[in-house]
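Below is one structure, written out as structure tokens; comments come after it.
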Amino acid sequence: MSAGQTMFPRMLSPMRVGTHTLRNRIIMGSMHTRLEHEDRADQRQRAFYGARAAGGTALIITGGFSPNAAGMIEPGGPVMDANSDLAPHRAVVDEIHRHGGKILMQILHSGRYAKHDDVVGVSNIRSPINPRTPRPLTDAEIEQTIDDYVTAALQARKAGYDGVEIMGSEGYLINQFTAARTNNRTDQWGGSAENRQRFPVEIVRRVRGAAGPDLLLMYRISALDLVEGGSTAAEIDRLAAAVEAAGADILNTGIGWHEARVPTIAFSVPRAAFAFAVKRLKNAISIPVVASNRVNMPELAEQLLAEGSCDFVSMARPMLADPDFVRKAAQGRPDDINTCIACNQACLDFIFSDRTATCLVNPLAGREIEFDPALPANPKRIAVVGSGPAGMATAATAAARGHEVTLFEEQTELGGQIHLARRVPGKTEFNEMLRYFSRQIERNEVDVRLGTRATADLLAAEGFDHIVIATGILPRHPDIEGIDHPSVLRYIDVLLDRVSVGRRVAIIGAGGIGYDVAEFLTHDHSTEDPVEHFLKEYGVDPTIATPGGLREPQPSRSPREVTLFQRRPSRPGKGLGVSTGWILRNRLLGRGAGAVAGVTYEKIDDEGLHYSVDGERKVFAADNVVICAGQLPDKALEQELRSRGIAATTIGGADHAEELDALRAIQQGVRLAYDL
């Protein structure tokens, strides 16, 4: 028995599903990537999915293909109908099969979530996240849509897919039928729970009847809607049993609608926070059940399988972070897994801004064909100065590609700004980033010199072939009268607990750092189980006895009164992540934190922070004022080298210091390592 099989016996064991045997219990869940919009789209998708199959994933589910034009998520989105060209699909399928994996095509009709003008839905009820009001489908159009699902499934089988996933969760069209929230019909497709569930049951029944027993048929059910007017546990169980009876081989689970005010996949959500919903559902049916949402390490997957919460574990974004997730686990090397930190910055936020998804910790994701895997013919001696995200990514990647790398760090430990990020409540996943890059630096034998200030003299004396400057940032010190008052604190000292902070706090700066500091200062540091604390804070009913599984939220109490201030007149927090900013803003609002925009700072003295808004002077009586007014690139070494005529490449915060952007820093570092 291998080391991996000893550590993860259930996760690595095969299981029969329908007429198919999956080689292990890890599934790559479906996600929108927008790869179909890129040049060489077919080649990109083949490389992207192929890398995950080569890494040992048992089953891969594609991004959603609409069964007709009306169901597209956006103009030009992927469709599978009778006129679709199957050649690109066969290329992807063949690549997956070549590596011993299996693949399903997801069929997804977006319904009222569609970002185009021909929006159709169950009813004329508009989604709060889409300005377009849907046109209700007629009875004939509903029947035609069911036929379109069947056609899409048959086309998928013809293209070589092992099966299909019918997407019935996250608030898309099928989910819109099943929930009273979005279904006000009075015909056979609305009213009673049985009528509201008729649409998905008919789709599964007709697809099974047309495709036969060999098609692996997965249905993705909403195990917990998290919206008012959503389904109850009894309704979910009834639908699951009906879908099983209609011919589904396996039940995948989704958590929450896209319009839900409860976060489901962001870093602030504890790992496996919604496993209770999956385990409850598993007890209601006999076919295999798949767990999803915030499972990102093999130890947790093994635990969920061992305790009987599920039969398979679906991971979407963790497969962006590391395509070799399963292979590394099987080899007994979980510390070598590049872990998804649930930041959403390069996946969901990119998708929401019409860009192609990639990954903050793995810039190769979705860009596989842009990186030449061939190792350099003439390895170089590389000096990397600074061990924040940019420096660690450069050093680890360059060393893995055969270069001789020396990493200089002035502090006594690796990590740089990562140490600040991981101190913020909810951002403990940054510990995994630090663990991964530290492990790769060790594994690839980087010469690490801690407590060493890399000067131009030192670097010149060692005769490196290339010098990389990743010295990071310097906090900006705004020009405000009284900035040196004893009440004024640096955000670095606050986050590292070097100073004590009073009860009333003014934060100067309402960007990402300001909000992180506010989160840190208003956190109640509860010792309660993280999942229970999360469910209470957001009002989630673990019994799902109420519609949507919601109850009255019990927000945590802040130990401090905190107010953020910013010069810009725009909405505070506007620059936060699209998919995570609302979480931070709402949570701080619930804790009584305030935010003031359009501020002119006057002075800081014993009375507190003096400021004016629209010419009206005010005073915030603060015990402490925390400066989060941005940062400047640390250019000292770059200038020193330039004065000596020594060439160097500057990356990360030392290159561009607007916010602490680990996404850009790691991308720059990895690309540079490939270009050297």
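Considering all non-hydrogen atoms of both residues, Ala316 and Gly29 come closest at CB-O, 3.8 Å.
Crowding of Glu228 atom CD: a count of heavy atoms from other residues, nucleotides or ligands under 6.0 Å not exceeding 12. A 6.0 Å sphere centred on CD of Glu194 holds no more than 12 heavy atoms belonging to other residues, nucleotides or ligands.
Of the residues listed (Asp516, Leu588, Val562), the one engaging Leu521 in a side-chain contact (heavy atoms from CB on, under 4.5 Å) is Val562, and it is the only one. Checked against Tyr219 for a side-chain contact (heavy atoms from CB on, under 4.5 Å), the options Asn252, Ile250, Asp249, Leu239 give a single hit: Leu239.
Geometrically, Arg25 engages Phe312 in a cation-pi contact, judged by NZ or CZ lying under 6.0 Å from the ring centre and within 45° of the ring axis.
Between Cys310 and Leu305 the shortest side-chain heavy-atom distance falls below 4.5 Å. Looking at heavy atoms from C-beta onward, Lys115 lies in side-chain contact with Asp354 at the 4.5 angstrom threshold. Put simply, the side chain of Arg220 does not reach to within 4.5 Å of the side chain of Val290, judged on heavy atoms. Using a 4.5 Å heavy-atom cutoff, the side chains of Tyr172 and His258 are in contact. Inter-residue side-chain proximity for Lys427 and Glu519 is flagged as unmet; no heavy-atom pair is nearer than 4.5 Å. For the pair Ile26/Met315, a side-chain contact is recorded, criterion being any heavy-atom separation below 4.5 Å from C-beta on.
In this structure a side-chain-to-backbone donor-acceptor pair under 3.5 Å is missing from Arg196 to Asn184. Without hydrogens or angle criteria, Gln176 side chain to Gly171 main chain gives a donor-acceptor distance under 3.5 Å.
A salt bridge links Glu202 and Arg206; the closest N-O separation between the charged side-chain nitrogens and carboxylate oxygens is under 4.0 Å. Of the charged side-chain nitrogens involved, none lies within less than 4.0 Å of a carboxylate oxygen, so that Asp225 and Arg181 do not count as a salt-bridged pair. A salt bridge is defined here as a Lys NZ or Arg NE, NH1 or NH2 lying under 4.0 Å from an Asp or Glu carboxylate O, and Glu432 with Arg435 meets this definition.
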